[in-house]
Amino acid sequence: MTDNGLLSSIWQFFTSLGDEFTGIVGLSLAVSGSAVVIGALIGVPLGALLGLKRFPGRKLLLRLIYTLMSLPPVLAGLVVYMVFCRNGPLGFLDILFTPAAMIVAQVLLATPIIAGISAAAVAAKEKLAMDTARSLGASRRQAAWMVIKEARSGIIAGIMTGFGRAFGEVGAVMLVGGNIRYYTRVLTTSIVLETRQGNFEFAVALGGVLLALSFIVSSILLHLDESKLG
């Protein structure tokens with residue numbers, strides 16, 4: 001197939017999907033975005049606490065978080081499946097094979113990453129920033145806030161990494177979402193579907209869309225960072 005023929009074929013593929021493609025992209029962003037927001041609401045305060053405070057069990061908690069940062073997606077999906085299946089402890093919620101279950105699975109994957117990287121970023125700034133703030137007359141709470149502000153580049157990096165893990169994830173969302181057309185199908189599961197059907201050029205094109213969207217989201221997050229990293 002010539003280059004023009006390939007491009008024409010890919011264009012016809014996207015055109016044929018029409019509103020379905022828009023729905024797939026929208027659901028991908030909605031599920032991963034929701035998971036990362038929830039993960040950040042849990043992970044950033046937890047990481048800040050671990051970076052600033054010394055308390056019994058802190059090292060064990062950090063080790064658990066660092067271990068969960070490499071949690072296999074299929075295992076995360078299996079855990080969510082067992083919790084929300086009909087006979088599971090939360091089966092009465094009846095959210096299996098819905099976008100809600102996919103969000104829960106992605107929160108499980110993104111939160112340890114955000115918490116672990118945030119903790120490392122805060123701990124790296126804690127000593128110098130805390131001493132400087134205290135020497136300028138800041139209260140302990142104000143000094144802690146100053147440390148978190150100084151560590152914002154690392155925290156944003158953690159959020160971006162968490163988004164990347166959630167947005168590019170396929171095993172867990174396939175297991176708990178089911179890849180149901182017009183309902184739980186997202187970009188990653190669409191890539192798997194096209195690959196299984198032998199439509200490799202369409203799978204690669206969808207992968208390109210996935211990377212382009214990830215680039216846009218990362219650019220927006222970096223723009224929010226006013227440090228030299230942004």
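Between the side chain of Thr189 and the backbone N or O of Val186 there is at least one donor-acceptor pair closer than 3.5 Å.
Atom OH of Tyr182 is separated from atom CD1 of Ile180 by 14.0 Å, given to the nearest 0.5 angstrom. Leu221 CG to Met160 CE: the interatomic distance, rounded to the nearest 0.5 Å, is 6.5 Å. Between the OH atom in Tyr81 and the CG atom in Leu175 there is a gap of 7.5 Å [rounded to 0.5 Å]. Here the straight-line distance linking atom CD1 of Ile159 with atom OG of Ser218 works out to 11.5 Å at 0.5 Å rounding. Interatomic distance, Leu61 CG to Lys59 NZ, rounded to the nearest 0.5 Å: 13.5 Å. To the nearest 0.5 angstrom, Lys125 atom NZ is 13.5 Å from Leu52 atom CG.
Contact annotation: the side chain of Val170 never approaches that of Ile191 to less than 4.5 Å [non-hydrogen atoms, C-beta and beyond]. Residues Leu193 and Arg185 form a side-chain contact, since some pair of their non-hydrogen atoms from C-beta on lies under 4.5 Å apart. Side-chain contact between Arg86 and Asp94 is absent, with no heavy-atom pair separated by less than 4.5 Å. With contacts defined as side-chain heavy-atom distances shorter than 4.5 Å, the pair Leu213/Leu187 qualifies. Side-chain atoms of Leu206 and Glu194, non-hydrogen and from C-beta on, do get closer than 4.5 Å to each other. Contact annotation: the side chain of Ile24 approaches that of Ser28 to within less than 4.5 Å [non-hydrogen atoms, C-beta and beyond]. Using a 4.5 Å heavy-atom cutoff, the side chains of Pro99 and Leu27 are in contact.
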| request: For the pair Glu169 and Thr188, evaluate side chain to side chain contact (heavy atoms under 4.5 Å, CB included) and give the outcome as yes or no after the intermediate values. | output: CA-CA 7 Å; Glu169 200 289 318; Thr188 51; 5.9 Å; no

| task | Could you please spell out the steps behind the side chain to side chain contact (heavy atoms under 4.5 Å, CB included) verdict for Val217 and Phe167? | result | CA-CA 10 Å; Val217 173; Phe167 199 50; over 6 Å; no

| said: Working note: Ile38 + Ile42, criterion side chain to side chain contact (heavy atoms under 4.5 Å, CB included); need CA distance, chi angles, decisive distance, verdict. | reply: CA-CA 6 Å; Ile38 296 170; Ile42 300 170; 4.0 Å; yes

| request: List the steps, then state whether side chain to side chain donor-acceptor pair (under 3.5 Å) holds for Ser32 with Gln106. | output: CA-CA 7 Å; Ser32 298; Gln106 292 195 359; 3.1 Å; yes

| field | Worked verdict on Ile117 versus Ile155 for side chain to side chain contact (heavy atoms under 4.5 Å, CB included) | value | CA-CA 7 Å; Ile117 296 178; Ile155 293 172; over 6 Å; no

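Annotation for Arg63: atom CZ does not count as buried by contact number, only 12 or fewer foreign heavy atoms lying within 6.0 Å. A 6.0 Å sphere centred on CZ of Phe21 holds more than 12 heavy atoms belonging to other residues, nucleotides or ligands. More than 12 heavy atoms of other shown residues, nucleotides or ligands fall within 6.0 angstrom of atom CE in Met69. For Phe215, the CZ atom counts as loosely surrounded, since its 6.0 Å shell holds 12 or fewer non-hydrogen atoms of other residues, nucleotides or ligands.
Here the closest heavy-atom approach between residue Gly77 and residue Val176 is recorded as O-CG1, 3.3 Å. Looking at every heavy atom in both residues, Arg58 comes nearest to Leu50 through NE-O, 2.7 Å. Looking at every heavy atom in both residues, Ala40 comes nearest to Ile114 through N-CD1, 3.7 Å. The shortest heavy-atom contact between Tyr183 and Phe97 is CE2-O, 3.3 Å. Gly43 and Ser118 make their closest contact through O-CB, 4.4 Å (heavy atoms, listed as atom of the first residue, atom of the second, distance). Taking all atoms of both residues into account, the shortest heavy-atom contact from Thr195 to Ala203 is OG1-CB, 3.4 Å.
No continuous path of hydrophobic side-chain contacts links Tyr66 to Val107 [ILVMFWY only; heavy atoms under 4.5 Å]. Taken together through direct or relayed side-chain contacts under 4.5 Å among Ile, Leu, Val, Met, Phe, Trp and Tyr, Leu46 and Ile113 form part of one hydrophobic cluster. Under the 4.5 Å side-chain heavy-atom criterion for Ile, Leu, Val, Met, Phe, Trp and Tyr, Leu210 and Val25 are members of the same hydrophobic cluster. Hydrophobic clustering (ILVMFWY, side-chain heavy atoms < 4.5 Å, transitive): Leu96 and Val31 are in one cluster. Residues Ile95 and Ile103 fall within the same hydrophobic cluster, defined by Ile, Leu, Val, Met, Phe, Trp and Tyr side chains chained together at heavy-atom separations under 4.5 Å.
Applying the side-chain contact (heavy atoms from CB on, under 4.5 Å) test between Leu71 and each of Val74, Thr67, Leu75 identifies Leu75 as the sole match.
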